[in-house]
Structure formats: C-alpha cells, structure tokens
Amino acid sequence: MTEYQPTAPYRGTRDFLPDEMSVRTQVFHRLYDVIERFGFRRYDGPQLEPAEIYEAKSGEEIANQQLYTLTDQGGRRLALRPEMTPSAARMVAGNAGSLQFPVRWYSHPNCHRYERPQRGRVREHWQINVDIFGSEAASCEIEMFELIDSMMRSLGADEDTFVIRVNDRQVLSAALTELVGVRTDQLGEVFALVDRWEKYDSERLAADAAEIGLDDKQFAGLTDVLAAGTSLLDELPAEVTGNSNVVRALRSSSAGLIRFDPHIVRGLAYYTSTVFEVFDTSGENNRALFGGGRYADLAGLFTPKQIPGIGFGMGDVTLFDFLDTHGLSPAPRSEVDVVVIPVTAELDDAARTVARTLRTAGLRTSVPLEPRKLGKEITRADRAGARAVVIVGAEEWQDGTVTVRDLGSGNQRQVPHEEAAETISTLLGTDR
RNA sequence: GUGGGUGUAGCUCAGUCGGUAGAGCACCUGGUUGUGGUCCAGGGGGCCGCGGGUUCAAGUCCCGUCACUCACCCCA
C-alpha cells in the first residue's frame, strides 16, 4: 500500500485557510492602521540571520534550546529568527549614518522557537514589533503606552479587560539592594525569582530564596517590596526615582493607562530599565499577552555607536486567545459581493461581459467556472456570502437586459446590463 | 526535557459483557425545461492514529510508539 505524507502542518506551525486568514487580516490591518497613526513606518528583513546574533544577546534559553539552526552550503551557521529585535538593531546600526533619529519602526515577521506547543505557545508565530530607536526620553515610554492602549481599543477591548503592568529594572534593583540588602551579584537570580513570583506558592518561593542566599528577614523584605505597588516609589531616594522614565510616565497625563507593578521584570537579558507586560484580566489566559521594554544599547553588537531604544512584541497566538476569550474576533469576510450566473453554457461570454463591468465598478464578482443548474448556482452564491446574483438569460440578453436578484430579500428586477453595477451598489449600500 | 488527558467519517461525538462500524451536522444528486434558504428521498465517504501481543474473534483487553492537548521549565 502507498505511504502518504501527513497532511497536518509540522508540529507547532499552523495553516491558515481563507476563513481564518480573513479574520487575521482584518485584525492586523486595524493594528497597522493604529500604529501608522502614531507615525511608525513598516520595515521587514530576512527570516535567516547569523546564529551568533542571538547567542550573544537574547538569553541562554533561547540560544541553547529554542533556536532553529542550520548550516548553509558555505558552512555558515544560520538561525531562523526567534525574534525580530536583533534584526532591527542590525538594520539600524548598519544605516545609522543616514537615519534621522529617533526613528519609529514597526514590522510583522514570523518568528520560530523550538519548544513544546501549548496554550499561547507554538513554534512559529507572527509577532508585531514596534520600536523607537535613538532616544532616552520618557516621551518614548508614554507614546508606547498610549499606542498599546489605542491598539487594544481598536480591537474592541474595554479598559477592564486588559491591564498594562509597568516596572523599571533600575528602580527594582535599587529597592532590592537598598531595602532588602540583596548583593549586586545576586540580582540576576533574584530577578528570575521575581519573574515567577506569582506562579509559585510561598513555601517554594522561600526555598528558592534561601537557595540564592537570602535569609528569612530578606525574604520578608522582598515580599514587602513586591506587594508595595506604587508606594514603593516613596521609599526610594529621589536620585533613583528622579531618573526613571516610568516614574515620569506615572506623573504624566497618561498615568491612567498603566499600573506600576514591581513583579514585572521579563526574561530577556537586554532590557535595562523600563519593562512592561499586558495582561488579560479575565483569568482565562494566565500568561502575558505581550510585552516589551527599554534597552540602553541594543545595537552594541553591530556598532560602537550607542543606540538606545524601547519597544514591544505582540504575538498573534496570545492575541487571538485574548480576542476569542472576549468574543472580539471579527467574522470572516465573504468571498464575493455578487455572482453572475448564465442560464446556459452559451451565455458564458455574456456573463463574463457583465462581470467585467461589475469588477470595474469595484464589486467583488465571480462567474461560475463549471456549468450547473441555476438553482444550484444560487445556493453556492448564497453560501459564498454574495448579497446578490445577476442572472443572464437568453431572451433578456437579446434585449440587452439582465435580472438582478437580492439574495437577502429575494426581490429581483430586470435592468439594462450597463446599469447592473449601479443597481447592485445601491442594494449593497455604502458599507462595502 | 518532565508529568497528566485524549486519539473512531470533513466536524462534534456514540459504540454495552470482546462478535467485524453508527448518529447529527457538513458535502453531492434528485423531487421535470430559468430561481437559493425549508421539506422529502437517495448517495459518496472510515488503515477505528500506527506497530506488536492475548484470543476462535480486538474500535473494545495488554505493551510499545506517534500525534494532538493541558501544565511544568522558559517565554510572545
């Protein structure tokens, strides 16, 4: 017996059939529209990059376990990009001489990570990346928060369905060293502990803290710091809070969009101060929808020029989990507006003539590709989402007329074929 | 990489005490010439995930394996 290849896509990757693609396209276009309204311009780059650019910066987990690598025929080690930021940094560094900083850029690449698929996580995802390069101003943070809020609103999300939680690693570091007495060399491990704080019970947290070398009093102090919320800022010296863009954002008119939260640290090694994550408030999606942060010198791998930046990545998997949870995914768009049906095969050419004028008028129009009975063809047109059909019959065609039938009401009338487009446009209204 | 759950028609699922495969939906055709949705009749579709074992007999029991899925790790 013949062995057939499997039809399912490779583990952790997805096919997008037209209905699903239509939903995705609508959502993404709303987001692109909002992002561009904030003055960001779209860029793109290769899926393949030298493996080294990820091994240097992205954090050990990604480089060691999650990277798809290959060797090209010239022996070069390449990787499927696991994220876009290093590519963006490479492009910015390579063109730094001609760019007018600060630049606002966005992209929508597919990214690959080798990991076990689960809710919110697959091996290939499409991630909208939004970055500002070349500025350290707090305005960057504020613009990001405004943008994120506008993006979520554009998808129909109410303010109580999501929350932007914000922290500053510099502030947290100061709190840990000055209020808890954490040594500088312990900071990395304590950050990792903070990152999983809300997932573990207190016993496990205490055990992990002890392993890092914190005593009971320090563990209690750490617990207090994380629970403090905004009041933590009052306990820190002014030279710490005075330098924080997060604090500046909290004192701006945009403060209502965000919530200061010491728990947020994020895993990626290159974030240096501001970090933020967007969460679903419903409890259905326990991981962050998306997040980002500020990096003091991301392009350092490519150029001696110090180029700071801030940005975030919004993954499609968690985004659609959110939209589906809240009933916000749009319906797929219909296949066509109108189908032109010839009653007999001899009228195929006449139908095509009519279709030509409808298409010129901007109507999405199809003509049956195979002969079928009129009733069958009307059924198919209805299922394809057509709002109307044009029936081309022998006698009417000799008179230069066709029948326009409204599939919603079942009403139909005979019109000169040149007027069919106008008749249908009126029928469809202005919502096309 | 670790642990749990689930694999039967395109989809959702049933299948008793082991006895050789079913429903609903979807799809196709017909119900007379050029009119859809409802209704009626008919039809196509199944390596029961895969391999092995037990048995006269396995969708069903046992072992292995693969896939999907949820969680852990980590992260978008």
Side-chain angles (χ1 to χ4, degrees), chain A residues 1-4 6-14 17 58-67 81-85 108-130 192 195-196 199-200 204 208 265-269 271 275-280 284-293 311-322 339 341-347 371-397 402-412 414:
Chain A
M1 194 174 287
T2 315
E3 251 333 275
Y4 291 104
T7 56
Y10 166 67
R11 181 171 169 81
T13 66
R14 295 159 294 163
L17 271 56
S58 297
E60 298 217 346
E61 176 84 11
I62 291 177
N64 296 341
Q65 295 174 34
Q66 300 198 337
L67 206 59
R81 60 186 171 205
E83 54 167 337
M84 194 58 169
T85 309
H108 195 187
N110 56 338
C111 299
H112 293 81
R113 288 185 191 178
Y114 189 82
E115 68 177 321
R116 197 86 168 252
Q118 59 195 281
R119 182 169 178 86
R121 289 293 177 270
V122 293
R123 288 181 172 177
E124 179 189 33
H125 77 293
W126 270 257
Q127 186 184 56
I128 295 181
N129 283 259
V130 184
D195 196 31
R196 53 183 187 265
K199 281 185 155 181
Y200 287 11
R204 191 166 170 195
D208 286 3
V265 293
R266 298 184 59 72
L268 287 181
Y271 294 121
V275 283
F276 52 90
E277 290 186 333
V278 180
F279 282 85
D280 183 349
E284 288 289 309
N285 302 293
N286 60 356
R287 62 179 81 241
L289 286 178
F290 59 98
F312 64 88
M314 178 190 240
D316 67 320
V317 181
T318 46
L319 177 65
F320 279 98
D321 282 346
F322 173 84
V339 178
I341 308 170
V343 162
T344 65
E346 288 72 40
L347 292 162
R372 251 183 289 260
K373 292 171 64 174
L374 177 58
K376 296 295 169 195
E377 215 49 73
I378 293 175
T379 300
R380 293 171 69 90
D382 188 43
R383 285 185 192 152
R387 303 265 299 274
V389 292
V390 175
I391 298 163
V392 182
E395 289 177 19
E396 294 119 298
W397 186 249
V402 292
T403 299
V404 174
R405 180 178 179 85
D406 178 344
L407 290 181
S409 65
N411 299 331
Q412 64 183 42
Q414 212 172 315

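Order of the sequence lines sets the chain letters (A, B, ...), proteins ahead of strands, with each chain counted from 1.
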Gap in Å between the two C1' atoms, one belonging to rC28(B) and one to rG15(B), rounded: 27 Å
Between rA67(B) and rC50(B), how many Å separate the two P atoms, rounded to a whole number? 15 Å
Donor-acceptor pairs under 3.5 angstrom involving side-chain atoms of residues 374-383 of chain A: please list them, not counting sequence neighbours.
from	atom 1	to	atom 2	distance (Å)
Glu377(A)	OE1	Arg372(A)	NE	3.3
Thr379(A)	OG1	Gly375(A)	O	3.1

Pairwise C1' distance, rU55(B) and rU60(B) [rounded to whole Å]: 13 Å
When the P atoms of rG64(B) and rA26(B) are considered, how many whole Å apart are they? 42 Å
Counting side-chain heavy atoms from C-beta on, which of rU2(B), rC75(B), rU35(B) comes nearest to Thr403(A)? rU35(B)
For RNA chain B, whose closest nucleotide is more 5', that of Leu374(A) or that of Lys199(A)? Leu374(A)
Would you say the side chain of Arg14(A) lies within less than 4.5 Å of the side chain of His125(A), judging by non-hydrogen atoms? yes
When you compare rG1(B) with rA58(B), how far apart are their C1' atoms, in angstrom units rounded to a whole number? 35 Å
For Glu396(A) and for Phe290(A), locate the closest nucleotide of RNA chain B by heavy-atom distance; then report the residue assigned to the nucleotide nearer the 5' terminus. Glu396(A)
Rounded to whole angstrom, note down the P distance from rA21(B) over to rC47(B). 14 Å
Aromatic rings Phe312(A) and Phe290(A): how do their planes relate, parallel, tilted or perpendicular, breaks at 30° and 60°? tilted
